[in-house]
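Encoded as structure tokens, the structure appears first; notes follow it.
FYI, side chains are in, hydrogens and waters are out, and symmetry mates aren't considered; it's all heavy atoms of this structure. Everything quoted here is computed from the prediction, not taken from an experiment. Residue numbers run from 1 in the order of the sequence given.
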Amino acid sequence: EGGCDKQGMKRIEANDPVAMRREGVKQYKKGVYRRAFEYFKKAAELGDITAHHSLSCMYHNGQGVEKDRGKEIYHMEEAAIGGHPKARHNLGCIEEDGNEERAVK
């Protein structure tokens, strides 16, 4: 392992949500979805909005977890509230189908 990975693991051990999300992305790209999910979950619990968006996508696609529309929307809302642009767009599209007043917020 290179120094960067070692440093990243130190940051993860120190509960750095950005480092956790980055490791989640690495695992996701390798197709290790369950492990990616765990890193995204920890990062989201620490307030990382991009991790919330990633969790939403994983629940939508059933990658590393069972598909779950409720959890998908919960994490999309958390990301959107935090200002994540794709989450805001996606949530608006979902809401447009059922709740037009909320969709324009």
Hey, mind stepping through E72 and R69 against salt bridge (Lys or Arg N to Asp or Glu O under 4.0 Å) and telling me if it holds?
CA-CA 5 Å; E72 171 194 350; R69 183 76 167 161; 3.4 Å; yes
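- Remark: side-chain polar atoms of H84 are not paired, donor with acceptor, to backbone N or O of T50 under 3.5 angstrom.
- Nearest heavy atoms, E78 versus I49: O-CG2, 4.3 Å.
- For the pair A36 and Y28, the tightest heavy-atom approach, listed with the atom from each and the gap, is CB-N, 3.6 Å.
- The two residues I12 and M20 make their nearest non-hydrogen contact at O-CE, 3.4 Å.
- Here the NZ atom belonging to K71 is positioned 10.0 Å from the CD atom belonging to E66, to the nearest 0.5 angstrom.
- In the hydrophobic clustering of this structure, V25 groups with Y59; members are Ile, Leu, Val, Met, Phe, Trp, Tyr whose side-chain heavy atoms approach within less than 4.5 Å, directly or through other members.
- Atom CD of residue E45 and atom NZ of residue K42 lie 9.0 Å apart, to the nearest 0.5 angstrom.
- In this structure, the side chains of H53 and K86 come closer than 4.5 Å at one or more pairs of heavy atoms.
- The CD atom of E23 sits 12.0 Å away from the CG atom of D16 when rounded to the nearest 0.5 Å.
- A salt bridge does not link E38 to R35: none of the charged nitrogens lies less than 4.0 Å from a carboxylate oxygen.
- Smallest separation of non-hydrogen atoms from M58 and F40: SD-CD1, 3.6 Å.
- In plain terms, the two heavy atoms of Y39 and M9 that are nearest each other are OH-CE, 4.0 Å.
- Placement of M76 and Y74 in two distinct hydrophobic clusters is found when ILVMFWY residues are connected by side-chain heavy-atom separations under 4.5 Å, directly or transitively.
- Clustering ILVMFWY residues whenever any of their side-chain heavy atoms sit less than 4.5 angstrom apart, transitively, puts L55 in a cluster other than the one holding I73.
- The SG atom of C57 sits 8.5 Å away from the CD atom of Q63 when rounded to the nearest 0.5 Å.
- Heavy atoms only, all atoms of each residue included: G64 and R34 are closest at O-NH1, 2.8 Å.
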